[in-house]
Amino acid sequence: MNRVLFEGRFLVSMISTMIQKDTLQVRYGRMDWERMFRIADYHRVANIIYLGLLGNGGRVPERWMNRFFERYQESLLGGENCEAGEREILTLLDMERIPCVVLSSSTTRGLYEIRETADMSPLRLYLSPDGYSLVKGFLIDLGYETIRNYPEFGERMYRISGLSVDIYHKLPFKTKFYEKGMRALSIRARIRRGGESVRILSAEDRLIFRLASVSYQYTVDELLIRDMLDLFLYHKAWRRQLNGVYVKKKLQDFRVDGLAEKLLRLAYMWFGAKEDKEYMQSSGQPEDLNSFDVLENRIFSRGEFGKESETDPQALALARMLMKEDEKEAKKVKKQEFKKKMTEKKESAGRHFHWIFPEYKYMSDLYPNLSKFPFLLPFYWVLRGIRMLIGMIKNGGQQS
């Protein structure tokens, strides 16, 4: 088995064991624990892995056991700070009457039986361009600073207490189907209880957003094990209350309903107990294990494996659309750079022209007689040019 795939499956197996409270049955072998920590940290599951390693610490070098513990401790200490920080921000937005849509928040932590195994995921807010500027100013006043930019979409801001806030003036999805679908979700968002301006998505729309997001992340090779775990826990918590027909119909608008279904089923394969897997099988969908292998390999390897054998028509179609959007953006950037160069050349030519042919006022100050005979301006341009040429020749002779 390829090492990358083995390491991914090791993480999934350990996480599933922790979620289902099973007995850990993992062969450690000769593990590269530095590499395992970095992979777990990339997938944002190092805090869960720490709990899985307790009692097996003798197999893990102390240095890397401490690194896993640091991630666990950050989540343990940061949870309350995140919830308090979110309340502060959302209350401020309501007080200032700044409309926004909450795309995700610390409520995800409530899906985890052991809260400290949840991720320190950011509060994500969708705002109008005017609201975006105001909220950014408020966050700066509260001690936040930008740590990541999303070109043309927004940015991530962070405060030392641990809370991150993603603010968007345009949602970070490039295709027209995603733009249309997300716009529809934001329009349907309702004012939160006790609020005035902050709106939240319904249970179905939150699932649609999650499924659309993981499908997009999968296609651009940015899908994390943590994203799949959050999706599994959310769907499991709400599945009996959701309108499945409505969810499927809306995902069809994104053109990812089939891909989203596969990713959800894979999440259940990874983390579900026996009854969870039976629940998914009761949908009557045929099992194509080869397609799930492709999904799994691509996620674990960040696109290094599986991409070349991708057969899902919606993943391929979305990839083509994203490629077209990237090409369009590249052409737009190239056009802007060309315009900038032409503007600079024009300005440079203008400066040279005005240096050779100065304005009348400048020339009349230099040659007072010109004010009596303005029509002689061309003559004085020539005269000035001859004098400058003679001066240059004399200076050149003196230097030689």
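Numbers here are sequence positions counted from 1.
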Answer yes or no: is there an ion pair linking [X] with [Y], defined by an N-O contact shorter than 4.0 Å?
{"X": "Glu196", "Y": "Arg97", "value": "yes"}
{"X": "Arg3", "Y": "Asp32", "value": "yes"}
{"X": "Glu34", "Y": "Arg38", "value": "yes"}
{"X": "Glu70", "Y": "Arg67", "value": "yes"}

Between the side chains of [X] and [Y], is a donor N or O closer than 3.5 angstrom to an acceptor N or O?
{"X": "Tyr234", "Y": "Arg206", "answer": "yes"}
{"X": "Tyr168", "Y": "Asp166", "answer": "yes"}
{"X": "Glu116", "Y": "Tyr50", "answer": "no"}
{"X": "Asp227", "Y": "Gln217", "answer": "yes"}
{"X": "Tyr246", "Y": "Asp205", "answer": "yes"}
{"X": "Arg87", "Y": "Ser105", "answer": "no"}
{"X": "His235", "Y": "Tyr268", "answer": "yes"}

Under 30°, 30 to 60°, or over 60°: which ring-plane class applies to Phe173 and Tyr216, parallel, tilted or perpendicular?
->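 Because their plane-to-plane angle is over 60°, the rings of Phe173 and Tyr216 count as perpendicular.
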Can you say whether the rings of Phe37 and Phe68 are parallel (under 30°), tilted (30 to 60°) or perpendicular (over 60°)?
->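 Taking Phe68 first and then Phe37, their aromatic rings stand perpendicular (interplane angle over 60°).
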What are the two closest heavy atoms between Cys100 and Leu93, and how far apart are they?
-> SG-CD1, 3.6 Å
Between Ser164 and Tyr158, which heavy-atom pair has the shortest distance, and what is it?
->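 Where Ser164 meets Tyr158 most closely, the heavy atoms are OG-CD1, 3.3 Å.
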Taking C-beta and beyond as the side chain, do Asp253 and Lys180 meet within less than 4.5 Å on heavy atoms?
->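 Of all side-chain heavy-atom pairs linking Lys180 with Asp253, none is under 4.5 Å.
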